[in-house]
Amino acid sequence: MLNTKLRNQTCGHLRAEHVGQTVTLCGWVHALRNFGGAKFMVLRDRYGITQVTIGPESPEAARKIAEDLRDEWVVTVTGKVIARPDGQSNPDMATGEIEVITESLEVLNPSETPPFTPSQVDELPNEDMRLKYRYIDLRRQPMQDSLILRHRIIKAMRDYFDDQQFIEVETPILGRSTPEGARDYLVPSRVHAGEFYALPQSPQIYKQIMMVAGYDRYIQVARCFRDEDLRADRQPEFTQLDMEMSFVETDDVLGMIDGLMKHLAKTILGIDLQIPLPRMTYDEAMQRYGHDAPDLRFGMELIDCTDLAGKCEFRVFRAVADGGNFVRAINAKGVAGDFSRKRISQLETYVKEDFGAKGLAWMRVEEDGALGGPIAKNFSAELLEEFRVRLDATPGDLVLFIADSWEVSCKALNGLRKRLGAELELYDPQDMNFSWIVEFPMFDYDEEQDGWNAMHHPFTAPRDQDLAGLKDTPGEARAKAYDLVINGYEAGGGTIRIHDNEVQQMVFGLLGLDEATARDRFGFLLDALQFGAPPHGGIALGVDRVAMIFGGLDNIRDCIAFPKTQRAMDLMTGAPSPVDGVQLEELHIGLKEGEKEPESE
RNA sequence: GGCGCUGUAGCUCAAUUGGUUAGAGUACCGGACUGUCGAUCCGGUGGUUGCGGGUUCGAGUCCCGUCAGCGUCGCCA
């Protein structure tokens with residue numbers, strides 16, 4: 001039912017079967033081809049494009065109007081659908097078998113000359129241009145496709161959860177600031193001088209309270225806000241499919257999301273996904289890939305050579321191994337010939353500058369299978385043989401070593417692995433790989449503050465077997481926490497929550513939150529946990545990221561209608577902006593000297 | 001906050017590495033044209049080379065600062 005008072009067809013619909021009908025179309029002028037006596041106009045709306053002809057048989061008035069038409073004017077055409085003449089149909093166009101002969105033509109609204117035209121496919125304007133004129137950019141087919149894909153993903157998610165008896169509940173946008181985690185976006189209160197709301201970083205606490213309230217299956221398509229620096233896959237405001245269930249263990253949550261992913265893969269991509277999705281522990285992921293969200297579309301795993309390094313005379317390796325650090329490597333199979341010393345030194349610069357590695361050692365495998373390269377002379381023949389076996393080194397391989405702390409070796413080798421995987425095309429970009437990373441550490445140690453931080457959030461439950469040792473060896477404790485990883489992106493993450501107040505207090509204690517502070521910040525949750533909290537847990541999926549990955553995009557902005565720049569600006573509206581002094585006064589806010597002055601009237 | 005890339009006509013890019021009048025495609029304006037689908041052909045307008053400073057006989061090009069966009073590290077689940 002796309003008919004309106006102004007149109008009775010859309011520009012994507014007409015086929016040979018409609019020949020003979022008289023139709024009225026509305027849309028934007030997508031392209032004009034003018035032959036004097038005959039003119040072709042391609043008309044575009046959300047549904048497609050249709051060729052319209054204005055020829056000698058068209059009324060004088062229509063021909064006159066057609067003289068003045070320009071790209072992106074909004075027009076309406078009424079005319080008869082005809083089969084295109086022999087040899088003139090266009091197989092590249094969905095509506096290419098037909099065209100509409102103009103009987104009347106009306107300009108609904110002319111357009112200024114657009115800064116760029118949506119019909120142009122090969123030359124994309126710079127991104128600041130696209131963001132400033134977002135309404136033009138959004139007319140482009142790829143942008144339409146990705147917003148429609150995003151819509152279909154969200155709808156498929158809602159449908160799936162609806163089938164599973166989940167209900168969607170909206171939680172507040174104006175909430176309470178919690179210093180945990182990311183920086184908050186703050187909203188000043190007019191009524192309460194000097195006090196602020198915070199925009200939610202996620203609906204975490206509300207959804208747990210919904211569980212206490214007995215709504216045992218909750219979802220929400222929730223907008224979240226984090227005032228941190230941006231990346232290609234991060235925006236300051238983003239959308240989560242937030243989910244929480246009661247009376248569950250890890251397997252229940254994972255199983256539910258397995259089903260969702262199977263449903264999404266089928267309905268969105270037409271792929272039959274095998275479930276349950278594979279699971280790997282955090283420790284194994286760090287060991288094998290150096291990252292908690294590894295791209296499993298290709299191998300090139302990290303190989304630990306620390307024990308061998310401890311036996312060699314090469315001072316760099318020896319010192320690292322003796323000092324309790326690590327010598328790990330990746331083997332880039334068969335590419336040694338493509339890597340000049342210059343190219344290798346670019347990789348070295350990369351690991352030094354981006355990850356603080358002290359250097360990059362390398363070996364290449366010669367024709368005869370021997371390990372060569374500048375450092376090889378420091379190793380005995382026997383030891384080289386051990387390396388060769390360990391590294392599965394065959395002629396033509398390039399082996400890259402990082403000798404450093406565990407953390408740096410993880411980061412640098414993960415960086416190299418990702419970079420080489422892409423450069424060497426070790427995987428098909430069309431491939432989709434879904435997996436779970438599970439059993440994250442409960443805490444990580446903060447050197448600066450000399451204390452433990454919650455790796456996920458402070459409501460995460462430890463594994464049952466780690467409960468006893470939680471106090472004494474918090475660094476060993478693993479959590480009932482899980483991340484969904486798709487193609488090397490963290491697509492979502494969640495945990496089973498602590499529903500026991502005693503355990504919760506213990507965790508707060510380990511995090512250095514004394515009772516008074518904990519009460520002050522989370523008192524309402526602690527109260528709630530004492531009024532009959534069921535065992536519960538859940539997950540939040542990054543909707544923008546899922547849309548990006550499913551759409552085969554490499555940045556999140558291309559599946560968001562109105563995204564912000566790296567400096568969190570909206571180039572179309574000019575947000576953020578100074579505000580009137582009166583507004584500030586009402587909010588009890590004064591600006592520091594020298595900072596941006598309010599706009600005067 | 002650090003590192004890197006980019007910024008030249010409305011748009012996308014070029015300019016022989018410091019050389020004299022900054023070009024091309026497209027868009028735009030005018031004209032021709034009855035079967036195009038990136039239409040074609042003829043003619044034309046259009047530039048404070050992001051901004052500010054410096055070096056130089058001479059700067060789009062080199063240096064410093066600054067603004068903006070992107071990528072990335074830190075940061076962030």
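Chain identifiers are assigned alphabetically (A, B, ...) following the order of the sequence lines, protein sequences preceding nucleic acid strands; residue numbering begins at 1 within each chain. These figures come from a predicted structure and were not determined experimentally. In what follows, every heavy atom counts, from backbone to side chain, and hydrogens, waters and symmetry copies are set aside.
Atom CE of A/Met93 sits about 4.0 Å away from atom CD1 of A/Ile49, to the nearest 0.5 Å.
Side-chain rings of A/Tyr289 and A/His291 stay apart, their centers remaining 6.0 Å or farther from each other. Aromatic rings of A/Tyr482 and A/Phe440 (six-membered ring for Trp) have centroids beyond the 6.0 Å cut-off, not under it.
As the counterpart of B/rC3, B/rG71 is assigned, both hydrogen-bonding distances of the Watson-Crick or G-U wobble pattern falling under 3.5 Å. Across all strands shown, B/rC28 forms a Watson-Crick or G-U wobble pair with B/rG44, both key distances being under 3.5 Å. For B/rC76, there is no paired nucleotide, since no Watson-Crick or G-U wobble pair has both relevant distances below 3.5 Å. Under the Watson-Crick and G-U wobble criteria, each requiring two contacts below 3.5 Å, nucleotide B/rA15 is left unpaired. Taking a pair to require two hydrogen-bonding distances under 3.5 Å in either a Watson-Crick or a G-U wobble arrangement, B/rG65 pairs with B/rC51.
Here the separation of B/rA32 from B/rA68, taken at their P atoms, is 49 Å to the nearest Å. B/rU16 and B/rG50 are spaced 16 Å apart, taking the P atom of each and rounding to whole Å. Across B/rC67 and B/rC28, the matching P atoms stand 37 Å from one another, rounded to whole Å. Between B/rG2 and B/rA59, the distance separating the two C1' atoms is 30 Å to the nearest Å. Comparing B/rA22 with B/rG46, their C1' atoms are spaced 14 Å from each other, to the whole Å. Using P as the reference atom, B/rC37 and B/rA14 are 29 Å apart when rounded to the nearest Å. Comparing B/rU61 with B/rU6, their P atoms sit 14 Å apart, to the nearest whole Å. Atom name C1', nucleotides B/rA15 and B/rG7: the rounded distance is 16 Å, in whole Å.
Taking the side chain to side chain donor-acceptor pair (under 3.5 Å) definition, one finds that A/Thr349 meets it with nothing, sequence neighbours left out. Shown here are the side chain to side chain donor-acceptor pair (under 3.5 Å) partners of A/Asn34, two or more places apart in sequence or in another chain: there are none. Residues satisfying the side chain to side chain donor-acceptor pair (under 3.5 Å) test with A/Lys418, not counting sequence neighbours, are none.
Both tests do not hold together for A/Arg545 against A/Phe238: distance to the six-membered ring centre under 6.0 Å, angle to the ring axis within 45°. Judged by the 6.0 Å distance and 45° axis criteria, A/Arg328 is not positioned over the aromatic ring of A/Phe401.
Side-chain N or O atoms of A/Arg84 include none that pairs as donor or acceptor with a backbone N or O of A/Glu97 at under 3.5 Å. Between the side chain of A/Thr495 and the backbone N or O of A/Thr460 there is no donor-acceptor pair closer than 3.5 Å.
Here B/rU17 is in the syn range [glycosidic angle within 90° of 0].
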Task: Per-nucleotide protein contact string for nucleotides 29-45 of chain B (B base, S sugar-phosphate only, - none; heavy atom under 4.0 Å) - done: SS--BBBBBBB------

TODO: Spell out protein contact along nucleotides 72-77 of chain B as letters: B when the base is contacted, S when just the sugar-phosphate is, - when no protein heavy atom is under 4.0 Å; keep the 5' to 3' order.
DONE: BBBBBB

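Residues A/Asp570 and A/Arg134 are not in side-chain contact: their nearest non-hydrogen atoms beyond the backbone lie 4.5 Å or more apart. Side chains of A/Lys358 and A/Lys352 form no contact here, defined as non-hydrogen atoms less than 4.5 Å apart.
Between A/His13 and A/His18, the ring-plane angle classifies as tilted under the 30° and 60° cut-offs.
Rounded to whole Å, the distance from CG on A/Asn126 to P on B/rA9 is 11 Å. In this entry the distance linking CD of A/Gln235 with P of B/rG69 reads 12 Å, nearest Å. In this structure, A/Glu123 places its CD atom 16 Å from P of B/rA24, rounding to the nearest Å. The nearest whole Å value for the distance from the CZ atom in A/Phe116 to the C1' atom in B/rC28 is 17 Å. If you take CZ of A/Arg567 and P of B/rG2, they are 12 Å apart, rounded to a whole angstrom. When the P atom of B/rC70 is taken as reference, atom CG of A/Leu124 falls 14 Å away, rounded to whole Å.
Using a 4.0 Å heavy-atom distance criterion, A/Arg557 is classed as a sugar-phosphate-only contact.
Of the residues in residues 127-141 of chain A, those with a non-hydrogen atom less than 4.0 angstrom from any atom of RNA chain B are A/Glu127, A/Asp128, A/Met129.
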